[in-house]
Amino acid sequence: MAEPNVLIIGGGMAGLTAALELARFEVRSNVVESSPFAGGQAIGFSCKATSACVRCGACLAEDRLQSAVESPEIRILPSSRLLELSRSNGPFSAVVLRSPRVVDPDLCTGCGRCVDVCPEEAVRRAPSPYNRPPLAVDLDRCARFAGGDCTACVDACPESALAFDRGEERLALEPHALILASGFHVFDPREKPYGYGEMEDVITNLELERMLREKGGLVRPSDGSPPGRIAFIQCVGSRDERLGHLWCSRVCCGSAPRTARRLRFLEPELDVTVFYIDIQTFGRDFESAWNELRREFRFIRAVPADAVPTENRRVRLSYFDPETGSPDSLDVDLLVLSVGITPGRDLAGTSALLGLRRGADGFVEAGDSGNPPAGVTAPGTVLGPMGILDAVKSGKASAWRTLENLGMV
Ligand SMILES: Cc1cc2nc3c(=O)[nH]c(=O)nc-3n(C[C@H](O)[C@H](O)[C@H](O)COP(=O)(O)OP(=O)(O)OC[C@H]3O[C@@H](n4cnc5c(N)ncnc54)[C@H](O)[C@@H]3O)c2cc1C
């Protein structure tokens with residue numbers, strides 16, 4: 001067999017971990033990443049440490065990305081997707097399509113002058129210093145790709161790193177194995193009655209993560225002021241029979257209190273309320289940890305009916321208070337919706353291309369029940385909701401199954 005190589009679809013925690021594990025055995029991999037920046041959802045998370053580390057996993061994401069970028073065995077292909085796949089005897093034949101690369105990763109220094117001048121706010125900064133290139137143009141927003149003749153970013157770049165004449169590229173690859181690690185999407189809360197998309201101060205937990213990472217603290221998007229009182233609504237889009245999303249997202253019960261503690265650490269006077277259905281977490285010290293949390297924050301076991309704007313530009317939540325047995329309301333400066341983990345939007349197409357079966361919930365079926373064709377594995381959140389550590393473990397397991405298939409272990 002020619003030197004084995006593996007095609008990995010998705011450069012998140014599961015995909016990068018699989019690539020790193022394969023690299024330990026000198027197996028090369030191409031990591032096809034649809035977004036301009038590898039690292040998956042977790043690369044945009046902020047560290048939740050208070051006076052000590054709380055093991056949120058955010059630094060693990062940074063560590064995986066750095067190791068993958070520095071590994072000579074791993075080639076990350078940002079803004080790319082698998083277009084065609086076939087197999088007769090021997091390796092697969094794959095065609096990968098790369099979107100036009102406006103920013104040259106070898107020339108860009110990340111100075112950000114292009115970001116400042118773009119009238120469409122189409123130039124985005126990478127979430128991590130290890131992303132290459134450090135900046136990327138969102139082709140869906142860029143006026144140039146909509147037929148316009150704007151050259152503001154190109155003109156502003158002192159390194160001549162931006163150019164519009166680099167077209168799409170098609171790469172023909174012959175991988176010996178494939179790993180589908182294309183991850184998840186979060187539930188879009190627009191269809192819930194909480195004013196998301198209408199009130200600026202209603203954000204998702206994912207947006208909160210990004211804000212904490214980029215700004216280092218919490219502000220109201222509407223006016224940039226620090227909020228005095230915030231609320232989280234848990235399980236938005238999960239455990240919801242009407243949506244057919246009966247699963248638990250598994251990360252929000254841990255993530256919301258960790259984030260709340262970090263926010264309180266930054267702003268000791270912050271008033272935090274958490275609306276929840278029940279707490280889906282466990283472990284030896286669950287009882288004491290839960291009691292401690294209830295002393296720190298206000299927990300209300302209720303699903304608010306709706307959220308509406310008040311005259312003084314706050315957000316009013318109406319709910320039924322289980323303790324008093326009567327309707328009540330709470331005005332907050334910022335509302336955070338803990339949106340659930342759902343199957344990736346293009347998972348149906350990609351899993352079909354690879355011959356992987358999905359369950360009724362839309363996630364890929366795990367292990368042999370997913371009926372993977374020889375040489376194909378699927379780790380991480382394509383299998384269902386899981387946290388960073390589990391995605392890492394799953395990526396490692398996928399790499400080991402791949403090495404077995406290649407006869408290398
Ligand atoms: C709000 C929120 C908070 C969380 N907080 C925590 C926490 O505190 N601790 C914790 O352990 N976990 C947390 N998680 C879970 C964590 O995000 C996941 O465990 C982790 O991101 C899973 O990694 P993954 O590689 O499976 O998927 P992803 O992170 O989704 O990565 C998949 C990658 O594949 C790419 N991709 C998608 N489709 C394609 C395609 N067709 N072709 C090529 N590339 C593709 C995506 O762009 C992405 O880069 C949180 C999740 C959310 C939503």
Side-chain angles (χ1 to χ4, degrees), residues 7-19 30-48 54-61 64-65 68 76-83 94 96-99 127-128 131 178-187 189 203-213 232 234 236-238 249-259 261-262 281 336-354 363-364 378-395 398:
L7 180 59
I8 300 177
I9 300 159
M13 286 308 94
L16 292 181
T17 301
N30 284 293
V31 180
V32 175
E33 169 54 52
S34 57
S35 85
F37 306 117
Q41 303 280 5
I43 200 66
F45 294 172
S46 62
C47 169
K48 308 297 180 318
V54 294
R55 295 192 294 275
C56 68
C59 54
L60 195 59
R64 298 273 101 175
L65 179 61
I76 298 176
L77 302 166
S79 306
S80 303
R81 65 191 170 89
L82 177 64
L83 201 59
V96 170
L97 184 72
R98 287 190 84 168
S99 301
S128 157
N131 284 117
L178 281 111
I179 295 178
L180 178 62
S182 55
F184 67 98
H185 274 103
V186 289
F187 173 73
I203 63 172
T204 67
N205 47 352
L206 204 53
E207 287 160 348
L208 174 60
E209 288 282 353
R210 306 276 185 264
M211 184 194 292
L212 286 175
R213 184 166 176 117
F232 287 83
Q234 299 295 91
V236 177
S238 347
S249 281
R250 299 185 66 164
V251 290
C252 313
C253 284
S255 154
R258 257 198 310 269
T259 308
R261 277 188 170 145
R262 171 76 187 162
T281 181
V336 182
L337 306 177
S338 290
V339 287
I341 287 181
T342 61
R345 282 186 209 114
D346 60 0
L347 185 57
T350 336
S351 54
L353 197 57
L354 272 70
F363 292 103
V364 168
T381 47
V382 289
L383 298 172
M386 64 178 79
I388 295 170
L389 267 183
D390 285 331
V392 164
K393 279 189 214 155
S394 176
S398 226

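In this text the structure is predicted, and so the values were computed from the model without any measurement. Residue numbers start at 1 and run along the sequence shown. As the structure lists them, so they are numbered: ligands from 1, and atoms in each ligand from 1.
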Residue-ligand contact Gly57/ligand 1, heavy atom below 4.0 Å: no
Would you mind running through ligand 1 and noting each atom that sits below 4.0 Å from a heavy atom of Ile9? 40 (C), 42 (N), 43 (C)
Do Phe184 and Val382 touch side chain to side chain, with heavy atoms closer than 4.5 Å? no
Could you check atom 41 (N) of ligand 1 against the protein and tell me its nearest heavy-atom contact, residue, atom and distance included? Asp346 OD2, 2.9 Å
Could you tell me which non-hydrogen atom of Pro379 sits nearest to which non-hydrogen atom of Leu180, and how far apart they are? CD-O, 3.1 Å
The protein heavy atom nearest to atom 47 (O) of ligand 1 is Glu33 OE2, 2.6 Å
So Ser182 and Arg345, do their side chains get closer than 4.5 Å, heavy atoms only? no
Are any of the side-chain heavy atoms of Val54 and Arg261 separated by less than 4.5 Å? no
Would you mind telling me if ligand 1 is within reach of the side chain of Ile388, the backbone, both or neither, using heavy atoms under 4.0 Å? both
Determine whether more than 12 heavy atoms belonging to other residues, nucleotides or ligands lie under 6.0 Å from atom CZ of Arg81. no
Taking distance alone, with N or O pairs closer than 3.5 Å, would you say Ala391 contacts ligand 1? no
Which ligand 1 atoms are under 4.0 Å away from a heavy-atom of Gly183? 27 (O), 28 (P), 30 (O), 32 (C)
What's the shortest distance from atom 6 (C) of ligand 1 to any protein heavy atom, and which residue and atom give it? Phe45 CE1, 3.7 Å
Ligand 1 atoms nearer than 4.0 angstrom to some heavy atom of Val32 are 43 (C), 44 (N)
Within the structure provided, determine whether Leu354 and Ile9 are in side-chain contact (heavy-atom separation under 4.5 Å). yes
Checking a contact table here: which protein heavy atom is nearest atom 37 (C) of ligand 1, and how many Å away? Ser182 O, 3.0 Å
Can you tell if the side chain of Met13 reaches within under 4.5 Å of the side chain of Lys393, non-hydrogen atoms only? no
Heavy-atom closest contact (Leu353 atom, Leu83 atom, distance): CD2-O, 4.3 Å
I need the atoms of ligand 1 closer than 4.0 Å to a non-hydrogen atom of Met13, numbered in the order shown. 23 (O), 25 (O)
State, with a plain yes or no, whether a side-chain heavy atom of Ser46 is found less than 4.5 Å away from one of Glu209. yes
Looking only at heavy atoms, which two atoms of Leu7 and Leu82 are closest? And how far apart? CD2-CD1, 4.0 Å
Quick one: look up the protein heavy atom nearest atom 29 (O) of ligand 1 and list residue, atom name and how far away it is. Gln41 N, 2.9 Å
Just which atoms of ligand 1 are under 4.0 Å from any heavy atom in Gly387? 10 (C), 11 (O), 12 (N), 19 (O)
Which ligand 1 atoms are under 4.0 Å away from a heavy-atom of Asn205? 1 (C)
What atoms of ligand 1 come closer than 4.0 angstrom to any heavy atom of Gly40? 29 (O), 31 (O), 48 (C), 49 (O)
Polar proximity ligand 1 side, Cys56 side, N/O cut 3.5 Å exclusive: yes
To which protein heavy atom is atom 26 (O) of ligand 1 closest, and what is the distance rounded to 0.1 Å? Thr381 OG1, 2.7 Å
Can you report which non-hydrogen protein atom sits closest to atom 8 (O) of ligand 1, along with the distance? Arg258 NH2, 2.8 Å
Looking at every non-hydrogen atom in both residues, tell me the closest pair between Phe232 and Gln234 and how far apart they are. CB-OE1, 3.8 Å
Looking only at protein heavy atoms, which one is nearest to atom 21 (O) of ligand 1, and what is the separation? Phe184 CE2, 3.6 Å
If I compare all heavy atoms of Ile388 with all of Ala42, which pair ends up nearest, and what's the gap? CD1-CB, 3.8 Å
For Ser394 against Met386, the heavy-atom pair lying closest together: CB-SD, 4.3 Å
Does ligand 1 have a heavy atom under 4.0 Å from the side chain of Ala181, from its backbone, from both, or from neither? backbone
Note: Arg81, heavy atoms under 4.0 Å from ligand 1, region reported as neither
Which ligand 1 atoms does Gly380 reach within 4.0 Å, using its non-hydrogen atoms? 26 (O)
With nothing but distance in play, are any N or O atoms of Phe37 less than 3.5 Å from an N or O of ligand 1? no
Heavy-atom check, side chain of Arg250 versus side chain of Ile341, under 4.5 Å: no
